[in-house]
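Here's the structure we're looking at; comments come further down.
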Amino acid sequence: MSTVATSQIKLTPERSRTSVRSRLQEALPKIVLAPSFAITIVFVYGFILWTIYLSFTNSKTFPSYVITGSRAYQRLWGWTFDTDPPSSWYTSITNMGIFGFLYILICLALGLFLAILLDQKIRGEGVLRPIYLYPMALSFIVTGVAWKWFLDPGLGLEQTLHQWGWTSFHFDWIKNKDFVIYTVVIAGVWQASGFIMAMFLAGLRGIDGEIMKAAQIDGATTFQLYRRIVIPLLRPIFLSAFIVLAHLAIKSYDLVVALTSGGPGGSAWLPSNFMYEYTFKRNEMAVGSASAVIMLMTIIAIIVPYLYSELREKPR
């Protein structure tokens with residue numbers, strides 16, 4: 001009896017140490033993630049709520065706590081529809097429509113085309129992939145400055161062709177208020193299309209080769225193969241690429257600043273440029289916060305349907 005009791009007494013501390021160790025091991029991931037989680041809650045979602053609050057105040061240079069309702073939003077949309085000539089907010093949302101549509105469409109089309117070419121197992125694929133992906137590794141500031149030099153009529157493409165003897169060539173879009181937004185599209189597509197190509201290439205490599213062989217045996221042409229089989233199977237890639245590109249388009253700021261400095265008279269402004277200008281330079285913090293909230297709502301309107309479709313398809 002005494003031997004049994006002694007052995008039980010000896011095992012109890014070992015069991016307690018094991019249980020403490022297992023609890024620490026279970027709690028360790030939570031302990032490691034807790035600081036970053038707290039920082040995210042405060043500095044992302046906390047500041048989002050703070051911005052929404054400021055948009056309903058009369059804040060100017062400094063935050064104000066006087067609630068004025070939707071006056072800032074009324075000013076924004078009043079500037080959009082009731083001003084002649086059009087306001088800078090109207091210019092910003094118009095440019096957002098042009099830039100977003102062309103940027104997403106061209107990146108998707110060019111990325112899919114490049115992915116299909118590389119999927120043909122061509123020679124030098126290992127060299128070509130990094131070349132296409134390299135622009136995405138650059139910041140928007142670097143991309144903007146490089147394309148600014150290239151498109152500047154005084155020292156870029158136009159000047160080079162003039163020195164080669166083609167004196168009739170003119171390309172002054174970067175200084176033309178009606179075309180400057182298209183130079184932003186060119187620079188943005190150059191940077192992002194390689195990344196979209198990599199997404200499509202991964203999707204193409206994931207398609208079962210037996211499906212392709214069966215379709216070819218049934219007499220499907222190459223065009224029919226891609227139109228009826230490959231592209232429908234790439235639907236999740238299309239959706240993911242669209243979400244990424246739409247997010248990049250809506251929050252683009254540094255590319256416009258580095259490439260065009262806002263364009264002649266603010267003609268290249270996007271909503272992000274409008275928000276920064278009115279919040280920090282024109283001392284209209286409430287109006288700038290309202291424009292930021294509208295940008296946030298636009299992103300949410302794009303992401304929520306994507307998340308809904310993903311969560312709905314998972315149980316199947």
Side-chain angles (χ1 to χ4, degrees), residues 29 96-140 142-143 146-147 182 184-252 255 298-316:
M96 185 72 262
I98 296 172
F99 174 70
F101 176 77
L102 293 178
Y103 176 67
I104 294 172
L105 180 64
I106 298 174
C107 280
L108 289 176
L110 185 58
L112 179 61
F113 176 72
L114 293 175
I116 291 174
L117 289 182
L118 289 181
D119 193 47
Q120 308 306 312
K121 307 296 189 299
I122 62 174
R123 289 185 179 181
E125 178 187 343
V127 177
L128 292 175
R129 272 185 297 168
I131 291 175
Y132 291 137
L133 282 170
Y134 175 73
M136 197 63 187
L138 302 176
S139 69
F140 280 119
V142 175
T143 299
W147 277 94
Y182 298 103
V184 182
V185 174
I186 293 172
V189 168
W190 177 81
Q191 182 164 31
S193 58
F195 175 70
I196 302 303
M197 176 271 297
M199 294 179 65
F200 279 124
L201 185 60
L204 289 171
R205 296 288 166 84
I207 295 176
D208 189 358
E210 297 299 325
I211 299 176
M212 310 282 283
K213 292 178 181 178
Q216 290 173 342
I217 292 173
D218 289 339
T221 63
T222 303
F223 177 76
Q224 292 174 334
L225 191 67
Y226 279 96
R227 178 174 174 269
R228 297 184 178 275
I229 298 177
V230 175
I231 292 180
L233 289 175
L234 292 177
R235 176 182 168 275
I237 307 298
F238 273 101
L239 190 56
S240 299
F242 174 81
I243 295 298
V244 172
L245 292 172
H247 172 260
L248 290 175
I250 292 171
K251 74 182 188 68
S252 293
L255 180 62
T298 306
I299 293 175
I300 291 175
I302 294 171
I303 292 179
V304 168
Y306 168 73
L307 295 177
Y308 174 76
S309 65
E310 288 294 310
L311 295 175
R312 185 184 61 180
E313 291 177 359
K314 278 185 178 180
R316 296 179 183 179

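The structure presented is a predicted model; accordingly, all values stated were derived computationally and were not measured.
- Gln191 places no side-chain N or O within donor-acceptor distance of the main-chain N or O of Thr143, the cut-off being under 3.5 Å.
- Not less than 6.0 angstrom separates the ring centroid of Tyr182 from the ring centroid of Phe99.
- Heavy-atom minimum distance, Ser240 versus Met199: CB-CE, 3.8 Å.
- Side-chain contact between Leu108 and Leu112 is absent, with no heavy atoms from C-beta onward closer than 4.5 Å.
- Put simply, the side chain of Thr298 does not reach to within 4.5 Å of the side chain of Met96, judged on heavy atoms.
- In this structure, Arg205 places its CZ atom where more than 12 heavy-atom neighbours from other residues, nucleotides or ligands lie under 6.0 Å away.
- Summarising the geometry, atom CG belonging to Leu105 is positioned 10.5 Å from atom CG belonging to Leu245; distances are rounded to the nearest 0.5 Å.
- Annotation: side chain of His247 is not in contact with side chain of Ile302 (no heavy-atom distance under 4.5 Å).
- A 4.5 Å side-chain heavy-atom check between Phe238 and Ile231 finds at least one atom pair inside the cut-off.
- Arg129 places a side-chain heavy atom less than 4.5 Å from the side chain of Leu201.
- Looking at Gln120, its side chain does come within 3.5 Å of a backbone N or O of Ile116 through a donor-acceptor pair.
- For the pair Leu114 and Phe200, the minimum side-chain heavy-atom distance is 4.5 Å or more.
- Contact record, Cys107 with Gly188: SG-O, 4.5 Å, taken as the closest heavy-atom pair.
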- Could you walk me through whether Val230 and Met212 pass the side-chain contact (heavy atoms from CB on, under 4.5 Å) test, one step at a time? CA-CA 8 Å; Val230 175; Met212 310 282 283; 3.6 Å; yes
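- Residues Tyr132 and Leu118 meet the side-chain proximity criterion, which asks for heavy atoms closer than 4.5 Å.
- To the nearest 0.5 Å, atoms OH (Tyr103) and CG (Leu248) are separated by 4.5 Å.
- Of all heavy-atom pairs spanning Ala241 and Ile196, the tightest one is CB-CD1, 3.9 Å.
- Summarising the geometry of Leu225 relative to Ala215, their closest heavy-atom pair is CD1-CB, 3.4 Å, with the distance given to 0.1 Å.
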